[in-house]
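The structure appears below as structure tokens.
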Amino acid sequence: ASAPPPSEAKPGLISRLIGRSDEPRRLLDDAMLENLEELLITADMGVDTATRVTANIAEGRFGTRISTSELRDALAAEIARIMAPVARPLPLYPQKPQVVLVVGVNGSGKTTTIGKLAAQFKAAGKSVVIAAGDTFRAAAVEQLQVWGNRAGVPVLTAPEGSDPASLAFDALSKAQADGADLLLIDTAGRLQNRQDLMEELSKIVRVIRKKDPTAPHNTLLVLDATTGQNAISQVEIFRKIADVSGLVMTKLDGTAKGGVLVALADKFGLPIHAIGLGEQIDDLAPFDPDEFARALVG
Ligand code: GDP
């Protein structure tokens with residue numbers, strides 16, 4: 001699992017901007033900058049970010065003739081500069097267990113990401129416990145058990161419809177008793193009833209703090225990178241209902257090249273701890289801003 005497969009991906013930004021032109025150098029004028037800005041907006045970067053990136057590209061270059069490769073390098077450098085501060089692996093703390101609450105809408109890839117994270121930590125020699133906190137979705141619990149088996153990690157479950165907070169409490173008790181390094185807690189992602197979800201998440205936090213006042217140590221928001229601008233509103237919503245400390249961006253292996261990541265980094269500055277590059281257990285990679293920028297620019 002490293003870079004997304006270039007073959008099936010959409011053409012990068014530069015080839016969409018330049019087309020098939022074989023002109024060696026082109027005038028960087030208002031028209032070209034306007035096209036660039038529009039292209040960045042259609043690539044989900046959002047208006048503010050697109051405007052700023054375009055202005056920075058123009059600076060010192062406006063009115064000059066620029067080659068395709070110069071433009072490509074300038075754009076990639078500009079994007080990588082925005083992304084560099086957010087490229088940070090999940091911080092590990094000395095607390096045992098480190099409690100990681102995982103939130104996000106259904107379908108974003110929460111279950112899969114928890115399975116992948118569990119496998120990665122296990123491979124790094126850490127002992128992990130998973131709590132299947134989405135007790136209302138039997139399928140999610142089953143799926144998590146499959147992932148737990150694959151990763152060789154115990155998955156704590158509770159009967160369908162039972163209180164997720166009490167499961168989280170029991171899971172933390174078990175993780176503490178076992179001396180586990182990490183506890184990953186899955187949560188429900190029903191945004192249809194935001195008030196319910198907010199109460200459910202705050203109750204989980206309240207209850208686990210009875211066992212460990214410093215928990216949760218991370219609150220990971222899992223976002224599907226193919227949802228484009230939708231990801232922005234999901235961050236806004238989840239930041240209101242949970243103390244989101246970092247992001248995992250999934251499905252970056254598909255045709256979407258994840259321009260929305262640039263908008264997210266620029267707007268919220270939340271760390272991107274990892275990216276999902278497929279449905280297999282090892283398809284989770286650290287976020288590499290340079291590689292990402294090059295793939296996006298094309
Ligand atoms: P949840 O509802 O948030 O728990 O989402 P799931 O973990 O069940 O994932 C929803 C779907 O997305 C499943 O079919 C996963 O296999 C798929 N999925 C998750 N992460 C990735 C990824 O990084 N790449 C791809 N291509 N598919 C993913």
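Start at 1 and go down the list; that is how both ligands and their atoms are numbered.
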Report yes if [X] has an N/O atom closer than 3.5 Å to an N/O atom of ligand 1; otherwise report no.
X: Arg137; value: yes
X: Gln143; value: no
X: Gly278; value: yes

With a 4.0 Å cut-off on N to O distance, would you call [X] and [Y] a salt bridge?
X: Lys110; Y: Asp134; result: no
X: Lys267; Y: Asp48; result: no
X: Asp181; Y: Lys96; result: yes
X: Arg81; Y: Glu78; result: yes

Relative to ligand 1, is Lys116 under 4.0 angstrom through side chain, backbone, both or neither, heavy atoms considered?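 The answer is the side chain.
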Heavy-atom distances under 4.0 Å decide this one: backbone, side chain, both or neither, for Thr111 against ligand 1?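 Both backbone and side chain.
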How far is [atom] from its nearest protein heavy atom, and which residue and atom is that?
atom: atom 10 (C) of ligand 1; value: Gly107 O, 3.7 Å
atom: atom 5 (O) of ligand 1; value: Gly109 N, 3.1 Å
atom: atom 7 (O) of ligand 1; value: Thr112 OG1, 2.5 Å
atom: atom 17 (C) of ligand 1; value: Glu279 OE1, 3.9 Å
atom: atom 26 (N) of ligand 1; value: Asp253 OD2, 2.7 Å

Decide whether the shortest distance between a heavy atom of [X] and an atom of ligand 1 is less than 4.0 Å.
X: Val105; value: yes
X: Gln280; value: no
X: Gly189; value: no

Would Lys210 count as a cation-pi partner of Phe169, with NZ or CZ less than 6.0 Å from the six-membered ring centre and within 45° of the ring normal?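 That pair does not qualify as a cation-pi contact.
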Contact summary for Ser162 and Thr135, nearest pair of heavy atoms: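 Smallest heavy-atom distance, with atoms named: O-OG1, 2.7 Å.
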Numbering the atoms of ligand 1 from 1, which are under 4.0 Å from a heavy atom of [X]?
X: Gly276; value: 23 (O)
X: Asn106; value: 2 (O)
X: Leu277; value: 23 (O)

Give me the one residue out of Arg25, Arg61, Arg65, Arg26 that meets salt bridge (Lys or Arg N to Asp or Glu O under 4.0 Å) with Glu70.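 Considering Arg25, Arg61, Arg65, Arg26, a salt bridge (Lys or Arg N to Asp or Glu O under 4.0 Å) with Glu70 is found only for Arg25.
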Will you find, in the side chains of Glu279 and Thr112, an N or O donor that is under 3.5 Å from an N or O acceptor?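 Their side chains do not contain a donor-acceptor pair, so the 3.5 Å distance test is not met.
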So, does [X] use its side chain to make a donor-acceptor pair with the main chain of [Y] at under 3.5 Å?
X: Arg239; Y: Val235; answer: no
X: His273; Y: Arg88; answer: yes
X: Lys122; Y: Val153; answer: no

Determine, considering heavy atoms only, which of Lys251, Lys110, Met249 sits nearest to atom 3 (O) of ligand 1.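 The residue whose heavy atom sits nearest atom 3 (O) of ligand 1 is Lys110.
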